[in-house]
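Before any comments, here is the structure.
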Amino acid sequence: MKVGAFLVWSLIVFAGLLAVPAVSHTNAQTTFSLMASSMAFVGMAIAQFMAARPPVIEPLFGGLDRIYHLHRRIGISVLMLILVHYFLTPDFKGLSFTSGLNQLAASAGKYGFYGLTALLVLSIVKIIPKTRIEIPYHLWRYTHRFIGLLFALVAFHQMFIKRPYDSTALLAVYLNAFAALGILSYAYTQLLPWLRTRCYEVSEVEKHDGATIISARSKGRALRAKPGQFGFLRVLKAGLREPHPFTIADIDGNGTVRFAIKPLGDYTQALRDQIAVGDRLKLEGGYGQFNHRRGAKKQIWLAGGIGVTPFLAMASHLKGDEDQDIHMVYCVRDRKEAIGLETFEAQAEKLGNFSFVLHDSATDGRLDAAKLAAGSVIDPGEADLWFCGPAPLREAIVKGLKELGKKPRRVEFEQFQFR
Ligand SMILES: Cc1cc2nc3c(=O)[nH]c(=O)nc-3n(C[C@H](O)[C@H](O)[C@H](O)COP(=O)(O)OP(=O)(O)OC[C@H]3O[C@@H](n4cnc5c(N)ncnc54)[C@H](O)[C@@H]3O)c2cc1C
């Protein structure tokens, strides 16, 4: 477990522990109920903080992609905890601290609970049960932003509801601190997004079989990103305004960037059809920790399909003096889909520490661990495996390498899905 995840779960559990001395003079049901609500509240506040994408915390979690995965797990836990709080109704039996706002706070709690339950279920359930209907991402994304407002409602509820401890109790101070963190994070996310976006203009669009390659130059402050990182891109054009994450396939010293985008769904297809030179872009980034410089001296890079993008950025920045030996395998369904071959082949020819193989499944058959090991100039058992591509390919290769007794020392991969 990464330090960040450990810290997050500890802060959540600590809220539950603080509830024990604060309410144990009531009864067991009330104690469990308030332990659950306190933990849920701190979880929600932390989730709001994570959604603000503070770049400084990325190393603690292993990248923004990992932060979003944890954010999702926190959401699932919060849903379970608020259900416990709702069904184990606290019973204060006249011991409560009271205030004139109690009634309003009780209503805020009730509506906050209904709203949160609905939005959290919508986040967890991607496909409507017993149908093949997937809840569209943009619908989910639009509704998900209201979670912050519901959090503010719940903060009001926890501050002014009848409760068996007063505002000087450690639990009250702890929860109020997280209320402030959650509300400030939400306000930042909703009101100040321009602070972290950069203005760009499309300078070139190339439509390859495998991807649309978009180059853009900065119109002000340039993006700062390391090779292998990703950014959020949106086009200031009707129908293309929704921000989507894409790896920065190349970035130069002036911040000029290149993206390689596979038309896989509505947005990426519309982007291919409609984007044109001169279009204005808003970019945000770079995010993520996928950079070979963090890795061992021997590395195998395995790219599956459009998962080649971080390797394109990393390979083009290799100088040969990295003190790392790298063997790259780029697996495509069909050679026509491959992008950036000139870059990989030129670097392999020029540099002594980089070798490159294209695996074309149409002619070479399905890539498996035995083929990977046989074709590699580096023994996978002595190397890091850096992977980007479909999860089933990664799982099959890692399992196969283990069976061959060539388990990589470390497997690094990018999560290509946030929700
Ligand atoms: C860190 C990261 C790096 C990526 N790098 C690349 C890349 O270099 N090239 C590339 O072609 N693809 C990349 N992707 C995938 C790309 O973001 C999705 O293919 C694209 O957003 C799909 O949008 P769509 O509407 O066309 O497809 P849909 O079919 O609508 O969506 C397919 C899936 O993409 C995800 N998705 C959709 N909309 C969004 C959104 N606004 N924000 C986040 N996720 C969304 C959802 O999980 C959804 O289920 C990357 C994804 C991540 C998380």
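Both ligands and their constituent atoms are indexed starting at 1 by order of listing. Not measured: the values here are computed from a predicted model. Basis for what follows: all heavy atoms, side chains included, without hydrogens, waters or symmetry-related copies.
- The ligand atoms of ligand 1 that sit less than 4.0 angstrom from a heavy atom of P243 are 40 (C), 41 (N), 42 (N).
- Judged by the 6.0 Å and 45° rule, R410 forms no cation-pi pair with F387.
- With respect to the salt-bridge test (charged N to carboxylate O, under 4.0 angstrom), the residues K399 and E395 do not qualify.
- Residue contacts with ligand 1, taken as heavy atom pairs separated by less than 4.0 Å, involve T309 solely via side-chain atoms from C-beta onward.
- Residue D65 places no N or O, backbone or side chain, under 3.5 Å from any N or O of ligand 1.
- When the heavy atoms of A270, A313, G265, C388 are ranked by distance to atom 27 (O) of ligand 1, first place goes to G265.
- By the criterion of a heavy-atom distance under 4.0 Å, the backbone of A260, and not its side chain, is placed next to ligand 1.
- Neither the backbone nor the side chain of A211 has a heavy atom within less than 4.0 Å of ligand 1.
- The residue among H244, R272, E134 with a heavy atom at the shortest distance from atom 22 (C) of ligand 1 is H244.
- Under the side-chain contact (heavy atoms from CB on, under 4.5 Å) criterion, S203 pairs with S215, R217, not counting sequence neighbours.
- Within the 4.0 Å heavy-atom shell around ligand 1 one does not find Q269.
- Looking at K262 next to ligand 1, an N or O pair under 3.5 Å apart turns up.
- Geometrically, R53 does not engage Y68 in a cation-pi contact, judged by NZ or CZ lying under 6.0 Å from the ring centre and within 45° of the ring axis.
- Under the side-chain hydrogen bond (donor to acceptor under 3.5 Å, both in side chains) criterion, D250 pairs with no residue, sequence neighbours left out.
- Below 30°, between 30° and 60°, or above 60°: for Y287 and F230 the angle between ring planes is between 30° and 60°, a tilted geometry.
- Geometric assessment of R394 against the ring of F413 yields a positive cation-pi assignment under the 6.0 Å and 45° thresholds.
- For F311 and F290, the gap between ring centers is short of 6.0 Å.
- At a heavy-atom cutoff of 4.0 Å, ligand 1 is contacted by the side chain of F230 but not by its backbone.
- For the residues I306, T268, I261, I135, the heavy atom positioned nearest atom 26 (O) of ligand 1 is part of T268.
- At a heavy-atom distance under 4.0 Å, atoms from both the backbone and the side chain of F246 approach ligand 1.
- Results of the side chain to side chain donor-acceptor pair (under 3.5 Å) test with N353 over E322, H327, K297, Q299 single out E322 as the only residue that passes.
- In the candidate list G288, P136, P245, P245 is nearest to atom 16 (C) of ligand 1, counting heavy atoms.
- Taking the six-membered ring where the residue is Trp, the centroids of W301 and H292 are separated by under 6.0 Å.
- Neither the backbone nor the side chain of H138 comes within contact range of ligand 1; no heavy atom lies under 4.0 Å.
- Between atom 35 (C) of ligand 1 and the options F232, Y137, Y267, the minimum heavy-atom separation is to Y137.
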